[in-house]
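Just so you know, ligand 1 is whichever comes first in the structure, and atom 1 is the first atom listed for that ligand. Everything numeric in this text was worked out from a predicted model, so none of it was measured. One-based numbering along the sequence shown.
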Amino acid sequence: EKGGYASFMLKEIAEQPKAVADTLLGRIDASGSLTLDELRIPPGVLREVDKVVIVACGTAFHAGLIAKYAIEHWTRIPCEVELASEFRYRDPILDPQTLVVAISQSGETMDTLMALRHAREQGSRVLAICNTNGSTIPRESDAVLYTHAGPEVAVASTKAFLTQLVACYLVALYLGQVRGTKWGDEIQDVIRDLSRISGAVEQVLHTMEPVRELARSLADQDTVLFLGRHVGYPVALEGALKLKELAYMHAEGFAAGELKHGPIALVEEGLPVVVVVPSPRGRSVIHDKIVSNIQEIRARGARTVVIAEEGDEAVVPYADHLVRIPVTPTLLQPLVAAVPLQVFACELATARGNEVDQPRNLAKSVTVE
Ligand code: M6R
């Protein structure tokens, strides 16, 4: 069943290019327009939406955090992202103009289900992004956009995460399309790049040996920190979550700009810090800022693991370990940047003798609140 792989997780990591391509299949036509007829929410209703609220847990929540950047940038609709387990207990402001997006691989997560029920009681429309046909969350939603990752067996989510991102990008672009957001060159470029992105994911997978070697060399560490900015911040959170659940290590993700507000006090000689670097093109201001963040932590003894785009030379002098990822549009970078972090956590956990498919204390779907 594992198709020759040592674990389901390794198999599922390797399946990501196909999962991404399958999730896009039939949803972008030859002219570069999106066809999401399955959404079933009439375009008239989508045009009236004045707020998007994303609810999800764990890895799916991280996909939601990334979606916020895309939705707000491409559609200018305000977007909030909330942990499903917190959502209904704080009396959130919801009405029929609010589009609630519930993201769940299993479709059975109780926290997410209760959040969407609460949203529907307040009259909001709920769109599910889900990987499991006919599961409870899509059944109870107004509409569903299925991710086509195929069955995900390992407890740690990998291919479902990448396809959740793809689905979120599609929803964001589709909202822009039906609302007639000015369809500039950027959007056309993004749609074109999205339709080719599975090749970039494949490319990353072919360059992972140094990441595995590095992971093995860090097996005795107690702590690993992850830093990112912009969409790289949720990627950092996801990298830390993977390491916690698989390697049982203390791992934390921070927004790099927050370092100076506290976390930099954690940095000491030899501490591994993984940094997800945004593209030097486009948002070059944050790129420059993160380069100074890398300098700052390195000056305090951190062992820096830098994940940066091909051709980004500014990071080279400060990287103890450099992991190259293909050039992508800024907002799509998580699709390639998350992959080395999955491989890193899987290899490190294996080196520590842990069972990667079935980590202690965890279940694949969490059906209790
Ligand atoms: O099935 P769901 O997507 O609703 O699950 C949500 C989380 O429980 C899940 O992503 C969890 O965080 C993973 N084990 C992370 O790898």
Side-chain angles (χ1 to χ4, degrees), residues 7-13 15-16 19 23 54-67 81-88 100-117 119 126-141 144-168 226 234-249 251-253 334 338-339 341-346 348-349 354-369:
S7 63
F8 279 108
M9 184 173 179
L10 282 173
K11 174 172 178 268
E12 288 160 8
I13 288 173
E15 285 169 349
Q16 293 185 109
T23 301
I54 302 176
V55 289
C57 305
T59 290
F61 172 70
H62 297 151
L65 290 176
I66 293 164
V81 192
E82 188 147 353
L83 291 167
S85 55
E86 288 292 321
F87 184 64
R88 71 191 174 115
V100 173
V101 180
I103 310 175
S104 175
Q105 186 289 129
S106 62
E108 300 296 346
T109 299
M110 188 56 76
D111 288 317
T112 310
L113 180 61
M114 297 313 270
L116 82 84
R117 281 186 185 157
V126 176
L127 164 64
I129 291 178
C130 185
N131 195 47
T132 312
N133 250 298
S135 55
T136 312
I137 287 174
R139 267 194 284 119
E140 294 206 15
S141 299
V144 54
L145 186 64
Y146 279 110
T147 49
H148 294 156
E152 191 180 66
V153 177
V155 165
S157 188
T158 54
K159 60 176 181 170
F161 176 61
L162 259 56
T163 61
Q164 283 161 355
L165 290 176
V166 168
C168 288
F226 294 78
V235 173
L237 296 177
E238 173 61 8
L241 177 61
K242 285 284 153 299
L243 207 58
K244 282 175 209 160
E245 71 175 335
L246 296 169
Y248 318 148
M249 285 167 84
E252 273 194 81
V339 177
L341 303 186
Q342 300 166 342
V343 172
F344 180 73
C346 186
L348 214 158
N354 298 355
E355 166 52 66
V356 291
D357 286 339
Q358 193 51 259
R360 68 185 184 199
N361 307 340
L362 292 172
K364 182 63 182 162
S365 49
V366 184
T367 51
V368 289
E369 244 200 303

Would you please test Met9 and Leu246 for side chain to side chain contact (heavy atoms under 4.5 Å, CB included) and show each step? CA-CA 11 Å; Met9 184 173 179; Leu246 296 169; 3.5 Å; yes
Residue that, paired with Val126, satisfies side-chain contact (heavy atoms from CB on, under 4.5 Å) out of Ile137, Val144, Val55, Leu116: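 Among the candidates, only Leu116 passes.
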Does an N or O anywhere in [X] fall below 3.5 Å from an N or O of ligand 1?
{"X": "Thr112", "value": "no"}
{"X": "Lys242", "value": "yes"}
{"X": "Leu241", "value": "no"}

Element-labelled atoms of ligand 1 that are located less than 4.0 Å from some non-hydrogen atom of [X]:
{"X": "Gly58", "result": "12 (O)"}
{"X": "Ala156", "result": "16 (O)"}
{"X": "Ser157", "result": "15 (C), 16 (O)"}
{"X": "Thr59", "result": "10 (O), 12 (O), 15 (C), 16 (O)"}
{"X": "Gln105", "result": "1 (O), 2 (P), 3 (O), 4 (O)"}
{"X": "Ser104", "result": "1 (O), 2 (P), 3 (O), 4 (O)"}

Nearest-contact summary for [atom] - protein heavy atom, Å:
{"atom": "atom 1 (O) of ligand 1", "answer": "Ser106 OG, 2.7 Å"}
{"atom": "atom 5 (O) of ligand 1", "answer": "Thr109 OG1, 3.5 Å"}
{"atom": "atom 8 (O) of ligand 1", "answer": "Val366 CG2, 4.2 Å"}
{"atom": "atom 6 (C) of ligand 1", "answer": "Cys57 O, 3.3 Å"}
{"atom": "atom 13 (C) of ligand 1", "answer": "Val155 O, 3.8 Å"}

Donor-acceptor pairs under 3.5 angstrom involving side-chain atoms of residues 358-368: please list them, not counting sequence neighbours.
from, atom 1, to, atom 2, distance (Å)
Lys364, NZ, Glu152, OE1, 2.7
Lys364, NZ, Ala154, O, 2.7
Lys364, NZ, Val155, O, 3.4

Is the side chain of [X] donor-acceptor paired with the backbone N or O of [Y] at a distance under 3.5 Å, no angle test?
{"X": "Lys159", "Y": "Pro151", "value": "yes"}
{"X": "Asp357", "Y": "Ser7", "value": "no"}
{"X": "Asn131", "Y": "Ala149", "value": "yes"}
{"X": "Glu12", "Y": "Val153", "value": "yes"}
{"X": "Ser104", "Y": "Ala56", "value": "no"}

Counting heavy atoms only, which part of Glu245 comes closer than 4.0 Å to ligand 1: side chain, backbone, both or neither?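 Answer for Glu245: side chain.
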Go through the steps for Leu341 and Lys242 under the test side chain to side chain contact (heavy atoms under 4.5 Å, CB included), then give the verdict. CA-CA 8 Å; Leu341 303 186; Lys242 285 284 153 299; 6.0 Å; no
Strictly by salt bridge (Lys or Arg N to Asp or Glu O under 4.0 Å), give each pair with a member in residues 101-113 just once, sequence neighbours left out.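 For residues 101-113, and leaving out neighbouring residues, there are no salt bridge (Lys or Arg N to Asp or Glu O under 4.0 Å) pairs at all.
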